[in-house]
Peer 1: 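Below you will find the structure I want to go over with you.
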Amino acid sequence: MKTFNDIGLNKEILKALGEMGFEKPTPIQAKAIPHLMSSNQDIIASAQTGTGKTAAFGLPSIHMTKINEKVPQTLVMCPTRELCIQIARDLTNFSTYLPGLKIVAVYGGASVDTQVRALRQGAQIIIGTPGRTKDLIKRKKLILSDIKRVILDEADEMLTMGFKEDLEAILAETPYEKQTLLFSATMSKRIISITKKYMNDPIEISAARVNLGAENVQHLYYMVHAKDRYEVLKRIADSTPNIYGITFCRTRKETKEIANKLMQDGYNADAIHGDLSQAQRDEVMERFRKRKLHMLVATDVAARGLDVNDLTHVINYNLPDDEEVYVHRSGRTGRAGKSGISMAIIHTREIGRIRAIERISKIKFSCELVPTGKDICQKQLYSLMDKIKKVEVDEYQIEPFLPTIYEKLESLDREELIKHFVSAEFNRFLDYYKNSRNINVSESPRGKNSKPPRERVSQKERRKSTFASLFINVGKNNNVSPSRLIGIINEGLNSSDAVIGKIEVMKKASFFEIEEKKKAQLIKALNGTVVGGMKLSVEVANEKQARDEPTKSGSHSKPKSRGSRGGNRDGGQRGGNNKNSGKWRGKNSSAGKGRKKSQ
Ligand code: ADP
Ligand code: MG
């Protein structure tokens, strides 16, 4: 493999890389950097999270910057504020020995004046989120007429989040003659087809899907009733005294709920999601990076691209909608030769999804039993005993207190002393787990235990929000997936705030629920727009449409009754790639509170 030196990066960059401990390029860097330095051809590059994409576009951009020209030459767009800051930090590190090179991050939730001042000083590389970038262009504070290259980092995420219009507006401000680079962890055909519009004869490059560290990751799942998910999380935390991990949830709402519960239960946890202010997000990330926080609860988008090392655990509180996303999530542990554990908490009907992940990723899962109360108490006690044995004793500091302490404990002999001491530390645990249940359930789909009693909960929960059920004339045949449908809805509403309920994607059409108050706006926005060559038609669902959509199994029932029975409701996909069967219904039912596309 080539070294950074062989690639021909200038010596200032090489010096910084040396100090940062970058010895040789990662596969995506080895492919992308030489191309960028020698050709103007556009690139679509995909490589998993953690494979060094930032340096893959950042190093050549820095190398090619004309430092004496104090105008923006490179524009990097990314979906979140954190990512923006992180990319700016990485690029700043790479250019430590290029004092004339200025890198500025522009993102919402922070003072616009500070950013304007920074831009005025002649930045050559701009890293921005679409909203703030567009805003600064409008105010004429950011002039893109000399841009040589535009990089869309986490491009797929920006598009699914509904930033398409902003991106188009921004790109329209850049010169026609430029290089456009797309970097992403996942790259679906749909994204490629959308982005080709922005690109000129791009070459596609990708690097091996799996991280170097992936062989160090152990994958396992716990199978429980959906209502016991939180209990499992708690037990995992209790049985892993040194846990340092991310728990992935599906929605902002769930993220908040789980983090709040954990905090109330005394865990060192917090959440990161799109509803937090910039300062709050920074504060949470800072604590997590410094390991003052042990469990970060996050949505995929909020955690996307964030570079946090040495995680011991990745916990899938819910499986992601897309199998590939599981691979990205789990790639956050087991890095740099360290071992890590990626675990999924599933209910019986999700075993098919575990198998689907195994098929696409060559990952092998083991089924583990949720630790029992006894296991947990044992782990905790033994870990404490180890700590006590190893603790450093500062004779001098404790000396003055000892005589009184000896006196107070005089009546206890050695064994009694140990018992008291263990109880003082552990009564809370022992009490909590004294009568703990076995919450594991069997894998048999017909097993007595296997029906998760979640629908009852969801029905009740669901009544809290009023949803309208809508019909849309695109489905799987038009490459529409549930997440794509969320993207279409968000793009239509120009925001990702709408609460979306159940989604059911069939072959030629789909049904979905949207909060009643957004119904009219959405119908108006979407009707007549074109998606994948199809002119959209959206209307309030009625029973006729439900009957008209034929399914293979012929057992499709009315949207009204959806949610009341199990089974494969998505006639087109049986067995094999059983991606949607029961899944959407299941998740929405168990969350029961509708969904938001989180940021
Ligand atoms: P991605 O964008 O693909 O998710 P990042 O660019 O955030 O990945 O990089 C992940 C981590 O790997 C960062 O901590 C980065 O500093 C480190 N890294 C990147 N390239 C190299 C390299 N060639 N050698 C050593 N570490 C690297
Ligand atoms: Mg990245």
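Since we're looking at a predicted model, the values are computed, not measured. Whatever order the structure lists ligands and atoms in, that order sets their numbers, starting from 1.
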Peer 1: Would you mind telling me which of Y221, F365, F248 makes a ring pair (Phe, Tyr, Trp, His ring centres under 6.0 Å) with Y326?
Peer 2: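 Running ring pair (Phe, Tyr, Trp, His ring centres under 6.0 Å) over Y221, F365, F248 with Y326 returns exactly one hit, F365.
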Peer 1: Main chain of Q41, side chain of H35: is a donor-acceptor contact present, judged purely on distance under 3.5 Å?
Peer 2: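 Yes, the answer is positive, given that a donor and an acceptor are paired below the 3.5 Å cut-off.
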Peer 1: Which bit of M20 is near ligand 1, meaning a heavy atom under 4.0 Å away: side chain, backbone, both or neither?
Peer 2: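 None of M20 does.
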Peer 1: State, with a plain yes or no, whether a side-chain heavy atom of Q179 is found less than 4.5 Å away from one of L36.
Peer 2: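 Q179 reaches L36 side chain to side chain.
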Peer 1: Can you name the atoms of ligand 1, numbered from 1 with element, that are less than 4.0 Å from a heavy atom of T54?
Peer 2: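 With T54 as reference, the close atoms of ligand 1 come out as 2 (O), 5 (P), 6 (O), 7 (O).
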Peer 1: I'd like the name of whichever of F94, F22, F183 reaches closest to atom 18 (N) of ligand 1 through any heavy atom.
Peer 2: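 Among F94, F22, F183, the closest heavy atom to atom 18 (N) of ligand 1 belongs to F22.
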Peer 1: Considering the heavy atoms of T26, write down every atom of ligand 1 situated less than 4.0 Å from one of them.
Peer 2: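 In order of number, 20 (N), 21 (C), 22 (C), 23 (N).
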Peer 1: Any donor and acceptor pair, going by atom type alone, linking the side chain of T3 with main-chain N or O of D6 inside 3.5 Å?
Peer 2: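 Looks like yes, one N/O pair under 3.5 Å.
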Peer 1: Enumerate the atoms of ligand 1 whose separation from the nearest heavy atom of F4 is less than 4.0 angstrom.
Peer 2: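 Here the atoms of ligand 1 in question are 23 (N).
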Peer 1: Side chains of residues 142-151: which donor-acceptor partners sit under 3.5 Å, not counting sequence neighbours?
Peer 2:
| residue | atom | partner | partner atom | Å |
| --- | --- | --- | --- | --- |
| K148 | NZ | D146 | O | 3.0 |
| R149 | NH1 | T74 | OG1 | 2.7 |

Peer 1: Which ring pair (Phe, Tyr, Trp, His ring centres under 6.0 Å) pairs, counting each pair once, include a residue from residues 38-59, with sequence neighbours left out?
Peer 2: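 Ring pair (Phe, Tyr, Trp, His ring centres under 6.0 Å) check on residues 38-59 returns F57-F183.
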Peer 1: When you measure from atom 20 (N) of ligand 1 to each heavy atom in R89, E154, Q29, which option holds the nearest one?
Peer 2: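 Result: the heavy atom closest to atom 20 (N) of ligand 1 is in Q29.
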Peer 1: Show me which atoms of ligand 1 lie under 4.0 Å from any heavy atom of T51.
Peer 2: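 Result: 1 (P), 3 (O), 8 (O).
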Peer 1: For K53, is at least one N or O under 3.5 Å away from an N or O on ligand 1?
Peer 2: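 Yes.
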Peer 1: Tell me whether K24 has any N or O atom under 3.5 angstrom from an N or O of ligand 1.
Peer 2: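 It does: an N or O of K24 is found under 3.5 Å from an N or O of ligand 1.
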Peer 1: Tell me whether the centres of the aromatic rings in F288 and Y244 are closer together than 6.0 Å.
Peer 2: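 Yes; Y244 has its ring centre under 6.0 Å from that of F288.
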